[in-house]
Amino acid sequence: DAGDYNCSVSYNNLISSEDTAALSVVSLSVSTDNVLVFSGTDSSTIVCTATGAPPNTLQWVNSNGTIINTTASDANSAIVQKGSFDGMSQHINLTIQDGHKDEMYTCEVTWDMDEFKDYASIVVVDHPIITATGGTWNVYDGRTTTVTCSYFTTNAIIPTVIWSFNGDTVLATRNNSTLGESYYEISSASSSDAGDYNCSVSYNNLISSDCVLQQPDQL
């Protein structure tokens with residue numbers, strides 16, 4: 001529907017007059033609603049895009065209501081980079097450089113008297129941890145032990161967990177996404193079970209983290 005609308009008025013074919021108004025259809029969006037980052041992550045970026053017409057204002061605001069600009073940073077060392085309107089859209093990038101913490105950020109835009117907002121949340125995720133039954137990796141021949149990978153999960157955020165042993169994918173695992181745990185059982189342990197056990201956890205294909213615990217040379 002965007003384009004030029006023309007109104008033409010004529011009187012008995014003697015005189016006529018016309019006027020034209022341009023209609024722009026505008027929108028605002030952020031690249032992702034939830035930004036998952038592992039603790040200790042160096043940086044992460046969220047892109048906010050205003051589309052359809054050059055905005056009067058375009059800015060990121062933190063949870064305290066402070067506008068984040070290109071010359072100052074907030075407590076999270078957050079900075080922005082604003083591009084120019086390219087005829088279709090304008091982008092403003094929010095980069096969290098370090099010191100991630102759970103926080104809500106708001107992208108605000110105005111066109112004339114209209115204001116629109118979109119939101120993005122930073123969610124800090126702990127790295128997965130591998131533990132073994134009894135807290136030891138010294139397993140006697142013929143005994144059974146369970147290896148557990150503990151990871152971050154919520155009802156809305158359920159990651160993909162993949163186990164591997166010495167680089168080969170392990171499929172025979174049990175998962176409890178409610179508790180945030182995945183289990184791999186070593187039955188009747190033998191020397192062939194000695195090696196490195198790896199738990200890889202990924203969230204929405206956006207981020208992933210691996211945890212490796214080395215077995216002794218002999219069980």
Side-chain angles (χ1 to χ4, degrees), residues 30-47 62-63 74-78 94-106 118-219:
V30 294
S31 54
T32 180
D33 295 333
N34 291 303
V35 181
L36 303 178
V37 296
F38 280 107
S39 55
T41 301
D42 291 334
S43 65
S44 54
T45 299
I46 314 168
V47 181
N62 66 16
S63 57
D74 70 358
N76 268 8
S77 296
L94 171 68
T95 299
I96 313 299
Q97 292 184 307
D98 53 39
H100 287 79
K101 67 178 182 179
D102 291 352
E103 184 157 359
M104 173 79 77
Y105 291 93
T106 305
D118 206 347
Y119 305 91
S121 297
I122 297 288
V123 180
V124 180
V125 180
D126 289 331
H127 293 269
I129 298 174
I130 292 182
T131 56
T133 302
T136 177
W137 283 100
N138 296 314
V139 183
Y140 288 103
D141 285 338
R143 296 287 181 88
T144 297
T145 189
T146 300
V147 187
T148 302
C149 178
S150 301
Y151 55 88
F152 173 87
T153 185
T154 69
N155 290 334
I157 304 173
I158 301 175
T160 300
V161 182
I162 298 176
W163 283 90
S164 62
F165 170 61
N166 286 341
D168 295 325
T169 300
V170 175
L171 300 178
T173 59
R174 294 177 290 114
N175 296 298
N176 188 328
S177 58
T178 302
L179 294 178
E181 292 181 336
S182 180
Y183 313 95
Y184 177 66
E185 186 176 86
I186 303 171
S187 302
S188 302
S190 66
S191 59
S192 62
D193 295 312
D196 294 344
Y197 288 82
N198 178 288
C199 173
S200 178
V201 181
S202 61
Y203 296 84
N204 300 326
N205 296 319
L206 295 177
I207 59 174
S208 64
S209 181
D210 294 338
C211 184
V212 178
L213 196 48
Q214 295 179 344
Q215 283 277 38
D217 292 335
Q218 297 294 325
L219 289 171

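Applying the side chain to side chain contact (heavy atoms under 4.5 Å, CB included) criterion to S187, with sequence neighbours excluded, gives T144, E185. Applying the side chain to side chain contact (heavy atoms under 4.5 Å, CB included) test to S164 and every residue at least two apart in sequence or in another chain returns N198. S31 is linked by a side chain to side chain contact (heavy atoms under 4.5 Å, CB included) to I46, V47, counting only residues two or more places apart in sequence or in another chain. Remark: S44 pairs with H100 by the side-chain hydrogen bond (donor to acceptor under 3.5 Å, both in side chains) rule, at least two apart or across chains. By the side chain to side chain contact (heavy atoms under 4.5 Å, CB included) test, N176 pairs with T178, L179, Y183, sequence neighbours left out. Under the side-chain hydrogen bond (donor to acceptor under 3.5 Å, both in side chains) criterion, S63 pairs with E103, not counting sequence neighbours.
Within the 4.5 Å cutoff, side-chain heavy atoms of Y197 are placed close to those of I186.
In terms of heavy-atom proximity, F38 sits nearest to V201 at CZ-O, 4.2 Å. Annotation for V147 and W163: closest pair CG1-CH2, 3.5 Å, computed over non-hydrogen atoms. Contact between T153 and G180 at its shortest, heavy atoms only, is CG2-CA, 3.4 Å. The two residues D193 and S188 make their nearest non-hydrogen contact at OD2-O, 4.1 Å.
Side chain of Y203 to backbone of F152: a donor-acceptor contact under 3.5 angstrom is found.
In this structure, CD on E181 lies 11.0 Å from OG1 on T146, to the nearest 0.5 angstrom. Distance CD1/I162 to OG/S202: 6.0 Å, rounded to 0.5 Å.
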